[in-house]
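Each remark here refers to the structure printed beneath this line.
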Amino acid sequence: MANDRERWGSRSSFIFAAVGAAIGLGNVWRFPYITYQNGGGAFLIPYFIALITAGIPLMILEYAVGQKTQGAPPVALKKIWKKAEWIGWFAVVLVFILATYYATIMSWAVNYFYHSFTLAWGRTGGEINAFFNQALLGKSGSPGILGGIQWPVLVGLAITWILIYLALFKGVKTLGKIVYFTVGIPWLILIIMVVRGLTLPGAVEGLNFYLTPDFSVLLQPKVWLAAYGQIFFTLSLAMGTLIVYASYMPEDSDISANAFMTSLANCGTSFFAGFAVFSTLGYLAQSMGVSVPEVTTSGLGLAFVTYPTAINLLPVASQLFGALFFLLLLTLGIDSAFSQVEPVVGSVVDKWGLNKKWVLPSICILGFLVGIPYTTRGGFYWVDIMDHFVCTYGLTLVGFLECIVIGYIFGASEIRGYINSVSDVRIGPWWDVFIKVITPIVLGVSFVMQFIKLVQKGYSGYPMWTAFTGIGLVIVLIIISFVFSTRKGGNP
Ligand code: TRP
């Protein structure tokens with residue numbers, strides 16, 4: 001049975017696929033901003049500690065679970081503990097929701113890329129703002145008003161899903177070749193962007209903001225939570241992705257070295273991307289005659305408004321740099337998108353033994369259809385809301401449950417024995433402590449703190465009913481996961 005399982009062509013294909021899943025939109029807009037917001041250079045300390053005490057241990061755990069059980073998340077967790085199958089399904093339904101809105105963000109980038117050749121998104125900050133909020137998204141003003149569909153966004157969404165389908169339909173061997181490009185191209189573009197950024201006037205000011213350490217923040221718990229949150233998000237943990245990718249590796253492949261390589265490549269890329277972003281923001285601030293914090297925005301605004309504004313101000317070849325930047329976002333994001341669809345497809349195939357040839361297009365069409373509401377005028381708000389609920393609550397819950405089931409029920413030292421039997425770098429008993437104590441405590445505390453904040457203030461200024469919808473969604477997804485786990489499998 002395990003012998004006819006799909007396989008990566010080589011170990012490096014697997015590593016590139018995992019790195020591609022990890023490196024995504026989050027590395028370019030989220031990491032630099034979070035770093036700046038949480039003490040600049042000093043933030044690298046909690047970030048690094050979070051990587052060592054939670055990121056790498058959980059990644060090792062997920063690689064081990066996938067590889068040892070040779071199954072996608074539901075089957076894998078069931079083999080770990082009979083009652084844990086639903087946790088696998090929970091990860092899978094979460095990653096499906098993630099895929100639907102991630103593809104929508106990709107669709108915005110598709111539109112910008114298309115318009116970058118003529119710089120149709122405008123030449124000044126104000127125009128770009130209007131292009132993003134009005135022309136492209138047609139923002140309705142409230143998540144309660146969906147308004148009509150924004151057709152270019154819908155077209156971009158269809159293009160994104162077609163690309164996902166094309167990358168996956170030939171199986172993981174071919175995917176393993178595609179990821180060399182989807183990881184290599186953004187690296188090349190980033191190098192160009194960093195060189196361009198550092199040679200602009202004002203760059204040093206920007207870098208000062210990025211890196212000047214403010215050590216006093218290390219005493220604030222919220223900085224530590226931000227560091228752990230960013231690590232879980234950026235490594236694509238607790239969503240089934242790494243389990244399913246590892247399940248296409250032979251059972252005796254090295255685990256610990258793979259985990260070290262993937263996580264360091266990802267975090268190194270984030271750090272490097274910060275140079276491109278902040279040098280350019282320094283230039284923007286200088287051109288506008290304001291200070292760097294005044295032009296530093298978070299999240300989607302940074303990628304779709306602020307950064308394009310800076311690009312347009314470039315003395316030469318702004319079209320070229322505009323196109324390059326959106327090509328960067330597209331190539332960064334697309335392999336994260338593949339990695340959100342593969343766990344869903346793999347889970348259905350593994351549980352019911354259905355033919356991938358039919359499962360993949362069905363999931364892609366379903367994902368596209370579920371994504372249509374995000375292409376309406378109220379869609380932007382729902383992308384934001386879904387992101388919060390899936391990543392803040394879903395991800396922490398799955399990570400927590402994985403640690404408990406593997407740490408206590410299956411036994412941390414037992415699975416460590418397996419890891420050490422296949423890996424060159426041996427893992428010591430410290431790993432058990434991280435999996436059984438530190439990681440679940442961090443995840444539990446951050447879940448509770450976020451939840452208290454949500455109940456008190458709602459999410460991000462949206463009406464309170466959106467928070468209940470989000471909580472309701474998470475509960476419904478848990479119920480669906482239970483229902484799936486009680487269905488009989490069809491695979492011998
Ligand atoms: N790591 C991705 C990024 O930085 C986002 C992400 C979070 C993700 N969880 C995931 C991607 C699960 C794929 C699968 O953009």
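Few gaps surround NZ on Lys222; more than 12 heavy atoms of other groups in view lie less than 6.0 Å from it. Other residues, nucleotides and ligands contribute only 12 or fewer heavy atoms inside 6.0 Å of the CZ atom of Phe468.
Legend: residues meeting side-chain hydrogen bond (donor to acceptor under 3.5 Å, both in side chains) with Glu402, ordered by chain and number and at least two apart, are absent. For Phe389, the ring pair (Phe, Tyr, Trp, His ring centres under 6.0 Å) criterion is met by Tyr393, not counting sequence neighbours. With sequence neighbours left out, Tyr47 forms a side-chain hydrogen bond (donor to acceptor under 3.5 Å, both in side chains) with no residue at all. Here Thr375 pairs with nothing under the side-chain hydrogen bond (donor to acceptor under 3.5 Å, both in side chains) rule; sequence neighbours left out. Residues that satisfy the side-chain contact (heavy atoms from CB on, under 4.5 Å) test with Thr262, not counting sequence neighbours, are Ala18, Val19, Met59, Tyr63. Taking Phe400 as the reference, nothing meets the ring pair (Phe, Tyr, Trp, His ring centres under 6.0 Å) condition, with sequence neighbours excluded. Looking at residues two or more places apart in sequence or on another chain, you find a side-chain contact (heavy atoms from CB on, under 4.5 Å) between Lys139 and Asn133, Leu137, Phe380, Tyr381. Judged as a side-chain contact (heavy atoms from CB on, under 4.5 Å), and not counting sequence neighbours, the contacts of Gln134 are Ala130. Every side-chain contact (heavy atoms from CB on, under 4.5 Å) that Pro343 has, sequence neighbours left out, goes to Val95, Thr241, Val244. With sequence neighbours excluded, the residues forming a side-chain hydrogen bond (donor to acceptor under 3.5 Å, both in side chains) with Gln37 are Tyr33, listed by chain and number.
A side-chain donor from one of Asp384 and Tyr459 sits under 3.5 Å from a side-chain acceptor of the other. Checking Ser12 against Tyr180 by side-chain atom types alone, a donor-acceptor pair falls below 3.5 Å. Ser291 and Glu294 share a side-chain donor-acceptor pair at under 3.5 Å. A side-chain donor-acceptor contact under 3.5 Å links Thr234 and Asn266. For Thr53 and Tyr228, the side-chain atoms include at least one donor-acceptor pair closer than 3.5 Å. Under 3.5 Å, the side chains of Tyr245 and Gln67 contain no donor-acceptor pair of N or O atoms.
Side-chain contact check for Phe132 versus Trp108: some heavy-atom pair is nearer than 4.5 Å. With contacts defined as side-chain heavy-atom distances shorter than 4.5 Å, the pair Met106/Leu329 does not qualify. Side-chain atoms of Leu61 and Thr439, non-hydrogen and from C-beta on, never get closer than 4.5 Å to each other. Considering only heavy atoms from C-beta on, Thr306 comes within 4.5 Å of Leu284 through its side chain. No side-chain heavy atom of Trp81 sits less than 4.5 Å from a side-chain heavy atom of Phe410. Looking at heavy atoms from C-beta onward, Arg11 lies in side-chain contact with Asp254 at the 4.5 angstrom threshold. Taking the side chain as every heavy atom from C-beta outward, Ser336 and Ser236 never approach each other to under 4.5 Å. Using a 4.5 Å heavy-atom threshold, the side chains of Pro201 and Tyr283 count as touching.
Of the residues listed (Tyr307, Phe325, Phe326), the one engaging Tyr112 in a ring-ring contact (aromatic ring centres under 6.0 Å, His included) is Phe326, and it is the only one.
Each side chain to side chain donor-acceptor pair (under 3.5 Å) pair with one or both residues in residues 187-210, not counting sequence neighbours, appears once here: Trp187-Thr269.
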Go through Ile56 and Phe434 one step at a time and tell me if the side chain to side chain contact (heavy atoms under 4.5 Å, CB included) criterion holds.
CA-CA 10 Å; Ile56 294 178; Phe434 290 145; over 6 Å; no

Going through the distances and angles, do Ile60 and Ile419 end up as a side chain to side chain contact (heavy atoms under 4.5 Å, CB included)?
CA-CA 8 Å; Ile60 292 177; Ile419 296 166; 3.5 Å; yes

Tell me which donor-acceptor pairs under 3.5 Å the side chains of residues 426-433 have, and how far apart each pair is, sequence neighbours excluded?
| from | atom 1 | to | atom 2 | distance (Å) |
| --- | --- | --- | --- | --- |
| Trp431 | NE1 | Pro57 | O | 3.2 |
| Asp432 | OD1 | Arg416 | NE | 2.7 |
| Asp432 | OD2 | Arg416 | NH2 | 3.3 |

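The six-membered or imidazole ring of Phe482 lies away from that of Phe90, with a centre-to-centre distance of 6.0 Å or more.
Not a single donor-acceptor pair under 3.5 Å links the side chain of Asn129 to the backbone N or O of Gly125.
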